[in-house]
Amino acid sequence: MELDPFFERVLESMAASYDVVRDAQVVSRRVDALAQLRALNSKYVLNRKHVLWEANTYDHALILKVQTLTAAMVEDWFTFLTREAEAPLVHPGMSCPPEGHMASTLTLILLCGVVEPDAAKAVRRAKFTKNYRFSLRGWVTGRVAAADAGNGCAYASHDAKDLKAHLLGLMRAQ
């Protein structure tokens, strides 16, 4: 399967729920696409000034096209996502997320022509979790999924099993 049509298919499938920006700048790096989902949920009394509770969730997905994926690339991008980009994406300009934040997910989606065996292992073992103020301000998790368009295979970290199935479905639906 060609990489560019597959990339377009992935963006099209995410556009229904996510705000997708092509060729985006995330902190110090450029990505082929940035997809963000905001699910805001709250309960209030009489009017919106009197909020009883809020449980807001967010998903920030960095989408990259790569011809050959190596383990070093997976580790480099996942480290960038969880160390450099976590604060600007989850709580920009603040020390922790605002009240009402429940959970955020940092997702790295790698669309590849070829995935090396070591890269597949690096994708599977990628894991990240961080709590804010003993989980009173929520938490963030990191996950990775890689699709091998050449072989029709997909690889995912433990938290990204659903994304793996989605990518496989998109590859088979050509």
Side-chain angles (χ1 to χ4, degrees), residues 1-42 54-70 73-98 100-113 115 119 122-123 126 128-130 132 137-149 154-157 159-171 173-174:
M1 172 180 263
E2 292 290 322
L3 204 51
D4 288 330
F6 181 53
F7 175 72
E8 295 301 325
R9 185 175 291 143
V10 168
L11 292 187
E12 184 180 310
S13 73
M14 296 181 85
S17 302
Y18 288 74
D19 298 326
V20 178
V21 177
R22 293 171 183 265
D23 195 32
Q25 180 80 25
V26 178
V27 189
S28 61
R29 297 191 187 187
R30 289 205 88 45
V31 294
D32 293 312
L34 172 65
Q36 296 181 305
L37 171 74
R38 294 171 181 85
L40 309 176
N41 193 5
S42 64
E54 284 183 292
N56 303 326
T57 58
Y58 307 90
D59 188 3
H60 308 279
L62 278 61
I63 304 167
L64 300 168
K65 291 186 293 186
V66 179
Q67 285 304 320
T68 302
L69 184 66
T70 63
M73 291 172 69
V74 172
E75 291 165 4
D76 178 50
W77 274 99
F78 193 66
T79 301
F80 164 76
L81 181 64
T82 56
R83 295 215 177 120
E84 285 183 51
E86 176 260 329
L89 290 173
V90 178
H91 52 91
M94 298 183 289
S95 62
C96 70
H101 173 268
M102 186 173 96
S104 289
T105 305
L106 301 174
T107 305
L108 180 61
I109 302 172
L110 302 161
L111 308 177
C112 314
V115 176
V123 166
F128 174 76
T129 303
K130 181 178 179 180
Y132 301 105
R137 292 284 178 101
W139 60 88
V140 63
T141 57
R143 62 189 193 154
V144 182
D148 187 338
Y155 309 96
S157 60
D159 292 338
K161 300 275 187 216
D162 60 327
L163 187 54
K164 176 183 175 181
H166 181 70
L167 292 172
L168 284 172
L170 289 173
M171 280 193 276
Q174 76 180 16

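- Taken from CG in Asp32 to CG in Leu3, the straight-line distance is 9.0 Å, to the nearest 0.5 Å.
- At a threshold of 4.5 Å between non-hydrogen side-chain atoms, the residues Lys130 and Thr82 do not count as touching.
- Val31 is listed as a side-chain neighbour of Trp77, based on a closest heavy-atom distance under 4.5 Å.
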Practice problem: Could you walk me through whether Gln36 and Leu89 pass side chain to side chain contact (heavy atoms under 4.5 Å, CB included), step by step? | Solution: CA-CA 10 Å; Gln36 296 181 305; Leu89 290 173; 3.8 Å; yes
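- Residues Val26 and Glu84 form no side-chain contact, since every pair of their non-hydrogen atoms from C-beta on lies 4.5 Å or further apart.
- Pairing each heavy atom of Ala126 with each of Ser157, the nearest pair is O-CB, 3.3 Å.
- Met14 places none of its side-chain heavy atoms less than 4.5 Å from the side chain of Leu37.
- Nearest approach of Val27 to Pro88, heavy atoms of both residues: CG2-CG, 3.7 Å.
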What pairs of donor and acceptor atoms, side-chain ones from residues 102-113 against any protein atom, are under 3.5 angstrom apart with sequence neighbours left out?
unit_1: Ser104; atom_1: OG; unit_2: His101; atom_2: NE2; d: 2.7
unit_1: Thr107; atom_1: OG1; unit_2: Asp59; atom_2: OD1; d: 3.0
unit_1: Thr107; atom_1: OG1; unit_2: Arg143; atom_2: NE; d: 3.0

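- Side-chain atoms of Arg30 come within 3.5 Å of backbone atoms of Asp23 as a donor-acceptor pair (strictly under, hydrogens ignored).
- A distance of 15.0 Å separates CG of Leu163 from OH of Tyr155, quoted to the nearest 0.5 Å.
- Considering every non-hydrogen atom in both Leu34 and Ala24, the closest pair reads CB-CB, 3.7 Å.
- Minimum interatomic distance between Pro97 and His91 (heavy atoms only, all atoms of both residues): N-CB, 3.6 Å.
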Quiz prompt | side chain to side chain contact (heavy atoms under 4.5 Å, CB included) evaluation trace for Lys65 with Asp4 | solution = CA-CA 8 Å; Lys65 291 186 293 186; Asp4 288 330; 2.9 Å; yes
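- Partners of Glu8 by salt bridge (charged side-chain N to carboxylate O under 4.0 Å, His left out), not counting sequence neighbours, listed by chain and number: Arg22.
- Within a 6.0 Å sphere centred on CZ of Arg83, other residues, nucleotides and ligands contribute 12 heavy atoms or fewer.
- Considering only heavy atoms from C-beta on, Val140 comes within 4.5 Å of Phe128 through its side chain.
- You'll find the side chain of Phe78 stays beyond 4.5 Å of the side chain of Val123, heavy atoms only.
- Nearest heavy atoms, Ala35 versus Ile63: CB-CD1, 4.4 Å.
- A distance of 8.0 Å separates CE in Met73 from OG1 in Thr68, rounded to the nearest 0.5 Å.
- The shortest non-hydrogen separation linking Ala119 to Val74 is O-CG2, 4.1 Å.
- Taking the six-membered ring where tryptophan is involved, the planes of Tyr58 and His60 are essentially parallel, since the angle between them stays under 30° and well short of 60°.
- Side-chain atoms of Leu64 and Arg29, non-hydrogen and from C-beta on, never get closer than 4.5 Å to each other.
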